[in-house]
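Report on the structure given below.
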Amino acid sequence: MKVHFLTPLFAALVCSLSAAEPIEIFNGKDLTGWEGNLELWSVKDGAITGITPPDPANPEKGVIKHNTFLVWKGGTVSDFELTFQYKIVKGNSGVQYRSKELEAGEFGPILSGYQADFEAGDKYSGILYEEKGRGILALRGEKTVIKPAADASKKPVVEKQGIVGDSDAIQASIKKEDWNEYKIVAQGNHVQHFINGLQTVDVTDEDAANAPKEGVLGLQIHQGPPMMVQFKNFKMISLK
């Protein structure tokens, strides 16, 4: 029997091709592989749908008292490229990545980590935010480097080192209450976001003690006024 060994070059090519195969994280039919509060999350018209329901006592306010998430249970993410489509009606949402699960709250899972933010308003879509962590790490259009604080008890230094796009132009490209495409690229300590093909942030996180390197992926619904957010057409590729 002949045993065939891969040459180093061919083996590397096979590994590269394997790593580039998209990972299915949503089957388009139900929430198999996801975990969250099923009173808030469902699948409608082929899209993952999350709602912040109105408070019966005051319909202008939402009933939930903390941000909560639908968590992908298919593994953790570290270096990857993720594209998806989203639609939001009112409120604020985002995709959490390289995150950790904290103790669950009354309304479902709670996560801490990087978030690719978007909203129904005009300010935050495309930013890099660290939920329950260091806060805003780049505003829309910014290229930043995150430096550790000289004093460990203080927040890191966010150094703006340039721009990657015009914030107003990016916002103008976003379709209100309609489908938009979002892309996240995370490789090592370098993170980039794109909406509808326009780059929104470029972040190099040199705050090694606090920078998330690997963790879970989750979809957010936000406390506050009633809202609805939908996600579909996920395509995730490992970059390792």
Side-chain angles (χ1 to χ4, degrees), residues 25-74 77 82-133 135-136 174-182 184 193 195 200 212 215-234 236:
I25 66 172
F26 172 50
N27 64 19
K29 299 179 292 186
D30 57 40
L31 294 179
T32 299
W34 295 82
E35 185 175 277
N37 183 340
L38 298 185
E39 293 183 358
L40 306 177
W41 293 99
S42 63
V43 174
K44 294 182 180 177
D45 301 322
I48 293 176
T49 302
I51 60 169
T52 298
D55 184 340
N58 185 352
E60 293 186 0
K61 292 185 177 180
V63 70
I64 70 172
K65 301 299 188 286
H66 62 80
N67 298 347
T68 187
F69 299 83
L70 185 70
V71 182
W72 181 57
K73 306 305 287 187
V77 297
L82 175 68
T83 59
F84 61 93
Q85 290 180 293
Y86 76 88
K87 179 166 67 173
I88 186 167
V89 179
K90 298 183 180 178
N92 179 283
S93 183
V95 169
Q96 200 85 10
Y97 60 98
R98 290 185 178 178
S99 297
K100 58 185 178 182
E101 286 197 63
L102 306 179
E103 182 178 354
E106 177 185 358
F107 297 92
I110 296 175
L111 300 183
S112 171
Y114 286 150
Q115 184 181 122
D117 210 325
F118 61 85
E119 60 160 342
D122 297 332
K123 185 176 181 180
Y124 296 112
S125 293
I127 74 167
L128 175 62
Y129 179 72
E130 188 176 60
E131 180 93 359
K132 293 190 174 297
I136 294 175
I174 298 173
K175 298 182 281 290
K176 297 279 189 177
E177 299 187 6
D178 202 349
W179 291 102
N180 297 278
E181 183 176 89
Y182 211 123
I184 303 165
H193 296 169
I195 297 180
T200 65
V216 300
L217 183 80
L219 315 178
Q220 185 193 64
I221 48 176
H222 212 283
Q223 65 175 328
M227 60 163 285
M228 181 186 76
V229 62
Q230 293 184 291
F231 304 83
K232 67 179 182 180
N233 296 335
F234 291 91
M236 185 160 69

Worksheet entry | From OG1 (Thr200) to CD1 (Ile127), nearest 0.5 Å | 9.5 Å

Fill in: Minimum-distance pair of heavy atoms, taken over all atoms of Val229 and Ser93
CG2-OG, 3.7 Å

Worksheet item: At their closest point, which heavy atom of Pro54 faces which heavy atom of Pro59, and how far apart are they?
Response: CB-O, 3.6 Å

Item to complete: Assess whether side-chain contact (heavy atoms from CB on, under 4.5 Å) is satisfied between Leu82 and Tyr97, documenting all intermediate values.
Response: CA-CA 10 Å; Leu82 175 68; Tyr97 60 98; over 6 Å; no

Worksheet item: Hey, which of Val71, Val95, Leu111 is the one that makes side-chain contact (heavy atoms from CB on, under 4.5 Å) with Leu219?
Response: Val95

Fill in: Test log, rule side-chain contact (heavy atoms from CB on, under 4.5 Å), inputs Met227 and Ile88
CA-CA 8 Å; Met227 60 163 285; Ile88 186 167; 4.2 Å; yes

Item to complete: State, yes or no, whether a side-chain contact exists between Pro212 and Lys100 at a heavy-atom distance under 4.5 Å.
Response: no

Practice prompt. List the atom of Ser125, the atom of Ile195, and the distance in Å for their closest heavy-atom pair.
Written response: C-CD1, 3.9 Å

Practice prompt. Enumerate the residue pairs fulfilling side-chain hydrogen bond (donor to acceptor under 3.5 Å, both in side chains) with a member in residues 219-232, sequence neighbours excluded, ordered by first and then second residue.
Written response: Thr49-Gln230, Asn67-His222, Glu131-Gln220

Worksheet item: Once you round to the nearest 0.5 Å, how far does CD1 of Ile174 lie from OH of Tyr182?
Response: 8.5 Å

Worksheet item: Is the backbone of Phe107 close enough, under 3.5 Å, to the side chain of Asn37 for a donor and an acceptor to pair up by distance?
Response: yes

Response to the item:
Separation between NZ (Lys175) and NZ (Lys87), nearest 0.5 Å, reads 11.5 Å

Practice prompt. In sequence, state the C-alpha distance, the side-chain angles, and the governing distance for Trp41 and Trp34, and then conclude on side-chain contact (heavy atoms from CB on, under 4.5 Å).
Written response: CA-CA 10 Å; Trp41 293 99; Trp34 295 82; over 6 Å; no

Worksheet item: So, for Gln96 and Gly113, which heavy atoms are closest and what is the spacing to 0.1 Å?
Response: NE2-O, 2.9 Å

Worksheet item: Does Asp122 come within less than 4.0 Å of Lys176, counting only side-chain N to carboxylate O?
Response: yes

Worksheet item: Which atom names give the shortest non-hydrogen contact between Ile110 and Gly105, and what distance separates them?
Response: CD1-N, 3.7 Å

Discussion item. Please enumerate all residues that pass salt bridge (Lys or Arg N to Asp or Glu O under 4.0 Å) together with Glu101, with sequence neighbours excluded.
Written reply: Lys73

Worksheet item: For the atom pair CD1 (Ile64) and CD (Glu39), what is the distance rounded to the nearest 0.5 Å?
Response: 12.0 Å

Worksheet item: Counting only heavy atoms not in Lys65, do more than 12 fall under 6.0 Å of its NZ?
Response: yes

Discussion item. Around atom CZ of Phe234, are there more than 12 heavy atoms from other residues, nucleotides or ligands closer than 6.0 Å?
Written reply: yes

Discussion item. Can you confirm if the aromatic rings of Tyr86 and Phe118 lie within a centre distance of less than 6.0 Å?
Written reply: yes

Worksheet item: How far does CG of Leu70 sit from CG of Leu217, to the nearest 0.5 angstrom?
Response: 9.5 Å

Discussion item. To the nearest 0.5 Å, what is the distance between OH on Tyr129 and OH on Tyr124?
Written reply: 9.5 Å

Discussion item. Taking atom CG as the centre, does Asn58 end up with more than 12 heavy-atom neighbours from other residues, nucleotides or ligands that are less than 6.0 angstrom away?
Written reply: yes

Practice prompt. Write down the atom of Leu102, the atom of Ser112, and the distance for their closest heavy-atom approach.
Written response: CD1-CB, 4.0 Å

